Amino acid sequence: MSRLAGVTDLDARRKQALEAHEAAATVIAVCDGPGCNAAGSAKVAAALRRAVADAGLEGSVQIKTTGCHGFCQCAPVVVAYGDGLFFRGATPDQAPAIVEAAVNGQPIPESVLYRHPATNEPIALERDIPFYAHQERRLLKHASHIDPLQVADYLAVDGYAALARALTEMTPEAVLEEVKQSALRGRGGAGFPTGMKWELCRRAEGDQKYVICNADEGDPGAFMDRALLEGNPHSVIEGMAIGGYAIGASRGIMYIRAEYPLAVRNAALAIEVAREMGLLGEDILGTGFSFDLDIVTGAGAFVCGEETALIASIEGFAGEPRPRPPFPAQRGLFGKPTNINNVETWANIPLIIRHGAAWFSEIGYERSRGTKIFSLVGEVQNTGLVEVPVGMTLNEIVFEVGGGPKPGRTIKAVQTGGPSGGCIPASLFDVRVDYESLAQVGSIMGSGGLIVMDDRTCIVDVARYYLRFLKSESCGKCTPCREGVPRMLEVLDRIASGEGSDADIDLLGQLGRTVKGASLCGLGQTAANPVLSSIRHFRHEFDAHIHEKRCPAAVCTALITFHIDAEKCTGCTACARACPQQCITGERKQPHVIDPERCIKCGACLDACRFDAVVKE
């Protein structure tokens, strides 16, 4: 691939990309994100290509594989442009019908037609599906248009135009000021103003400066950064190059957790292509500015999401945080001034420089501007990646975008911010999802995980889950986190087993405040959030475990029992065959009985019974 000597060459390459895209009358995009890939999207794409060839349509129909489209609930997802026809749950045998529908505009085969989960109304176009209609997709706008391995796709949607503008029309100070005026705040969780962070690093003295992309996304249920890097790595590269120009850094590093092999591969290939084109390396676009990128893979330690621990990991040391100050902007990687932002923050930079700070900040709420990507998962009808204006209410996200609870269930709470966040009850769903509003109800926005829980969820058990996670992920360097988190977990285990007391609630509060106030890094400082917010909003569930020796959601093993309703049991033996303890006895076609002494309460019998005869209490 020839090197671009200047902006004129870049514009010419963009024109070629647009002409190539316009040559295909119909483009069928197959989502190949991890969820769709696991559901067989690669086979669907291959079948679509065969169907196009069999129909003699190679010149007019293009089959494209892209990153995550967002609607993971409907995997594998296929979209045909330009009408925007939406096909859900596609399979290889449906490929000829999908091609025919895409070429002719309609009708969509019943087997892949999307229907509204509440009304069963058929919806043919992607833009009309409520999951998409209630979003404000800026970063994800082109998710279903870009093949991450084809830089031409990124160029066709004005990719690298922001870098060209920054280098040829703006001074570093002007770029920095534009980012400050946009009011962009770090999307990694802390919400620190990005422009201010850049300015601190720019003012720091040093013969070498670094910018780092933190892609060590470790929150359970969160996959926003992963999807961006897998689906549109060039947007992150462009953002980092612009940041390097504004800050005065000539080197950048993407720190990606090794559990994201597709993100590592796509980012590495994109860096190689950008380097060959002269968009990375020496004298970019003939402007005299030099900037290059490398990738470092992390071993998956959650604590390495913290800046100083991440820096230690890159330097080859154990991923442990260090006291601050000095801050990384003053003395970071290899002792040099360093600026660290997460994937989503960097991806926003080209949009700000291309469209302006006023455009970026025209949506949002008070001090929180722009959009935010969330991974909406759990007990909700529509799961996947959603991008909404910062400040949208939880109620709007859960019920309008997410489609509300599954049939027959009710929503109990949403966990925001992952292990560092808190449980927010349904009664507070009018809260706006921004940094300050969530803090008022005892939670945080975090990197963007939203886990929806329904009436089958035990909040005590949820708090235990997050503490177990944080206990295993604590680096152990500071005593409050190393010792405090396990002690809190011990108390919760006691409550969950029916052996707790009111004094344990007071003890959890004392331990939580100590861990929060005395820990060295953000992991420990936020470790108590799930517990404290759960006690604050769901004290009645803790009281039920303590005083009534009862788990209201029938989840905590020590407080539940299984038995068989003799009137409903048909003696089919399915439960007995499923039981790993062989503790269910009875003659065929006669009522069965569970031996409570041998029962380990695994629930296998409940899952196996087709007659609702197994009762969990």
Side-chain angles (χ1 to χ4, degrees), residues 218-222 302 374-380 383 394 397-398 402 405-406 409-429 431 433 438 441-474 484-498 500 504-505 507-509 511-512 515-516 523 526-546 548 550-560 601 603 616:
D219 288 8
F302 180 69
F374 295 97
S375 57
L376 184 63
V377 298
E379 302 304 323
V380 69
T383 59
L394 263 183
I397 295 174
V398 172
K406 296 179 179 179
R409 313 313 312 184
T410 57
I411 300 296
K412 175 185 284 188
V414 169
Q415 172 83 12
T416 70
S420 302
C423 285
I424 301 174
S427 60
L428 295 179
F429 276 12
V431 65
V433 182
L438 288 177
V441 296
S443 190
I444 62 173
M445 187 151 68
S447 60
L450 291 178
I451 301 177
V452 182
M453 296 170 276
D454 65 16
D455 50 300
R456 295 170 292 184
T457 304
C458 173
I459 298 300
V460 175
D461 188 62
V462 169
R464 291 171 69 205
Y465 166 79
Y466 282 117
L467 280 188
R468 283 195 297 268
F469 175 83
L470 292 168
K471 175 188 174 183
S472 67
E473 293 293 341
S474 173
V485 171
R487 299 296 81 76
M488 292 179 72
L489 180 57
E490 289 171 4
V491 176
L492 278 180
D493 285 341
R494 193 158 61 235
I495 293 174
S497 65
D504 286 331
I505 301 296
L507 181 57
L508 284 172
L511 284 169
V515 173
K516 191 171 184 177
L523 187 153
T526 59
N529 282 353
V531 179
L532 298 180
S533 67
S534 296
I535 294 173
R536 175 180 174 182
H537 299 301
F538 297 94
R539 177 62 186 264
H540 59 282
E541 290 205 23
F542 287 82
D543 288 342
H545 285 73
I546 293 170
E548 303 173 33
R550 178 178 66 89
C551 176
V555 170
C556 296
T557 304
L559 302 180
I560 61 174
K601 306 173 183 179
K616 181 171 74 169

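Just so it is clear, the model here is predicted, and its values are computed rather than measured.
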State, yes or no, whether a side-chain contact exists between [X] and [Y] at a heavy-atom distance under 4.5 Å.
| X | Y | result |
| --- | --- | --- |
| C551 | E541 | no |
| H537 | I424 | no |
| L492 | F542 | yes |
| I505 | I495 | yes |
| E473 | P419 | no |
| I444 | L438 | no |
| V491 | M488 | no |
| T416 | M445 | no |

Looking at [X] and [Y], what are the two nearest heavy atoms and their distance?
| X | Y | result |
| --- | --- | --- |
| A544 | P552 | CB-CG, 3.7 Å |
| G402 | L376 | CA-CD2, 3.6 Å |
| C423 | V462 | SG-CG1, 4.0 Å |
| S443 | G422 | OG-N, 2.9 Å |
| S497 | A558 | CA-CB, 3.7 Å |
| A463 | V531 | CB-CG2, 4.2 Å |

Taking atom [atom1] of [X] and atom [atom2] of [Y], what is their separation to the nearest 0.5 Å?
| X | Y | atom1 | atom2 | result |
| --- | --- | --- | --- | --- |
| S534 | R464 | OG | CZ | 12.5 Å |
| E379 | T410 | CD | OG1 | 11.0 Å |
| H540 | E548 | NE2 | CD | 10.5 Å |
| L394 | F374 | CG | CZ | 8.5 Å |
| R536 | N529 | CZ | CG | 10.5 Å |
| Q415 | M453 | CD | CE | 5.5 Å |

Does the pair V555 and T457 meet the rule for a side-chain contact (heavy atoms from CB on, under 4.5 Å), with working shown?
CA-CA 7 Å; V555 170; T457 304; over 6 Å; no

Is there a donor-acceptor pair under 3.5 Å between the side chain of [X] and the backbone N or O of [Y]?
| X | Y | value |
| --- | --- | --- |
| K601 | I560 | yes |
| K516 | A528 | no |
| K471 | L489 | no |

Would K406 and D454 pass as an ion pair if we require N to O under 4.0 Å?
no

Please verify the inter-ring angle class for Y465 with F469; under 30° counts as parallel, over 60° as perpendicular, anything in between as tilted.
parallel

Worked check of side-chain contact (heavy atoms from CB on, under 4.5 Å) between F302 and L470
CA-CA 8 Å; F302 180 69; L470 292 168; 3.9 Å; yes

Could you give me the CA-CA distance, side-chain angles and deciding distance for L507 and R487, then say whether side-chain contact (heavy atoms from CB on, under 4.5 Å) is met?
CA-CA 10 Å; L507 181 57; R487 299 296 81 76; over 6 Å; no

